[in-house]
Engineer: 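Take a look at the following structure, please.
Whatever order the structure lists ligands and atoms in, that order sets their numbers, starting from 1.
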Amino acid sequence: MPHTRPNPDSSAQPADPSGRVARNTTPDRYAVVGFPISHSYSPLIHRLFAEQTGENLTYSRLAAKPKEFHRIVRRFAADGGRGLNVTVPHKEAAFELAEEIGSEAERAGAVNTLSFTDNGRIRGDNTDGIGFQRDIERNHGISLRGKRTLVLGAGGAARGVVAALLEVQPSELVLANRTVQRATDLLDILNAPANFSTCPLPALSDYQPFEVVVNATSLGLHSMELPFPPGCISEETFAYDLVYSPQRTPFVDWASRHGAGKAVQGWGMLVEQAGESFAIWRGVRPDTSPVLETVLAKARV
Ligand code: ATR
């Protein structure tokens with residue numbers, strides 16, 4: 001059950017002998033680390049969560065190229081930083097760096113949330129899968145259980161999505177990828193059940209339209225004709241793009257043009273995964289709905 005902690009009541013704080021109220025005014029430090037990072041919405045999202053819950057923290061951006069990642073993370077922790085969100089291209093490197101791994105991160109083989117514990121250890125969690133599931137189920141009102149589902153792509157992003165779908169139990173899951181061996185390897189790693197199968201992208205034209213289609217390829221940041229057979233889409237299809245952009249993404253455009261009942265970008269996943277990271281760090285679950293509204297308004301989606 002989501003819950004929020006009220007703002008700290010200053011009258012409950014211990015007073016020093018001079019009668020002044022003693023407050024811990026040093027905020028805890030968090031950041032998002034990635035490359036490039038300048039357009040990240042995470043600082044806005046976490047600032048809104050902190051305002052809403054009364055948590056005393058700051059949240060900034062850290063640019064780190066792959067070679068600098070370990071050094072920058074360790075320095076942030078040594079300087080008293082409490083946690084980092086990790087984004088492209090460092091999620092696998094963060095998995096390697098973490099000394100304690102949560103079960104979702106273990107399954108995804110990737111970490112998007114690092115916590116620096118009081119005993120000096122680095123813990124890694126992955127909140128992308130739960131963010132994906134919550135956005136579709138709560139924000140868009142689509143139950144994933146029992147749905148015929150297609151996931152396009154078999155890279156790092158797809159791994160997190162397929163791992164989350166293992167829990168949800170679709171009636172059938174097809175994992176389609178340009179390089180089909182990569183898809184087969186992914187299902188093997190995840191020990192997927194028999195109703196999860198793979199195919200190359202052109203073979204999708206032999207399938208009936210799916211109820212849920214997820215774009216987890218890296219295609220779709222740039223405008224281009226997408227190499228997916230349109231027969232996988234119908235008016236019954238809910239199409240979900242892990243990519244989000246202030247403009248309409250090429251996948252959302254493609255799915256809409258081919259008649260998808262609904263086609264959405266992953267803005268809600270961005271906010272939901274952040275909410276879960278915040279809950280891990282602070283022990284307080286923020287209300288994500290007003291924050292998503294603000295983010296969409298700022299991005300003018
Ligand atoms: P990410 O971490 O974002 O998932 P990735 O691991 O590089 O990035 O995976 C990119 C995904 O997009 C892969 O599924 C890739 O297909 P391959 O495994 O065959 O490389 C897919 N992809 C990238 N460019 C593509 C293209 N031009 N056509 C089809 N699929 C493409």
Engineer: Quick one: sort the Tyr41 and Trp267 rings into parallel, tilted or perpendicular, breaks at 30° and 60°.
Structural biologist: perpendicular
Engineer: Are the side chain of Asp28 and the backbone of Leu57 linked by a donor-acceptor contact shorter than 3.5 Å?
Structural biologist: no
Engineer: Hey, what do you get for SG (Cys232) to CG (Asp206), rounding to the nearest 0.5 Å?
Structural biologist: 12.0 Å
Engineer: Could you tell me, atom by atom, which parts of ligand 1 come under 4.0 Å of a heavy atom of Gly156?
Structural biologist: 1 (P), 2 (O), 4 (O), 6 (O)
Engineer: Which label fits Trp281 and Tyr59: parallel for a plane angle under 30°, tilted from 30 to 60°, or perpendicular past 60°?
Structural biologist: tilted
Engineer: Between Arg148 and Phe210, is NZ or CZ placed under 6.0 angstrom from the six-membered ring centre and within 45° of the ring axis?
Structural biologist: yes
Engineer: What residue and atom, counting heavy atoms only, is the protein's closest point to atom 9 (O) of ligand 1, and at what distance?
Structural biologist: Gly155 CA, 3.5 Å
Engineer: Heavy-atom count around Glu99 CD within 6.0 Å, excluding the residue itself: above 12?
Structural biologist: yes
Engineer: Classify the contact between Thr179 and ligand 1 as side chain, backbone, both or neither, using a heavy-atom distance cut-off of under 4.0 Å.
Structural biologist: both
Engineer: Nearest to atom 7 (O) of ligand 1, what protein heavy atom do you find, and at what distance?
Structural biologist: Arg182 NH2, 4.3 Å
Engineer: Of the listed options (Ala157, Ser218, Ala158, Ala110), which comes nearest to atom 4 (O) of ligand 1 when hydrogens are ignored and any heavy atom counts?
Structural biologist: Ala157
Engineer: Between the side chain of Asn177 and the main-chain N/O of Ala154, is any donor-acceptor distance below 3.5 Å?
Structural biologist: yes
Engineer: Would Ala154 count as being in polar contact with ligand 1, using the rule that some N or O on each side must be under 3.5 angstrom apart?
Structural biologist: yes
Engineer: Heavy atom under 4.0 Å from ligand 1: found in Leu219's side chain, backbone, both, or neither?
Structural biologist: side chain
Engineer: Just to be sure I'm reading this right: ignoring hydrogens, which of Arg159, Lys91, Glu92, Arg178 gets closest to atom 27 (N) of ligand 1? Compare them by their nearest heavy atoms.
Structural biologist: Arg178
Engineer: Going by the order shown, which atoms of ligand 1 are within less than 4.0 Å of some heavy atom of Gly153?
Structural biologist: 14 (O)
Engineer: I need the atoms of ligand 1 closer than 4.0 Å to a non-hydrogen atom of Thr217, numbered in the order shown.
Structural biologist: 11 (C), 12 (O), 21 (C)
Engineer: Atom 16 (O) of ligand 1: which protein heavy atom is closest, and how many Å away?
Structural biologist: Asn177 OD1, 3.3 Å
Engineer: Do Tyr240 and Asp135 have side-chain atoms, one donor and one acceptor, less than 3.5 Å apart?
Structural biologist: yes
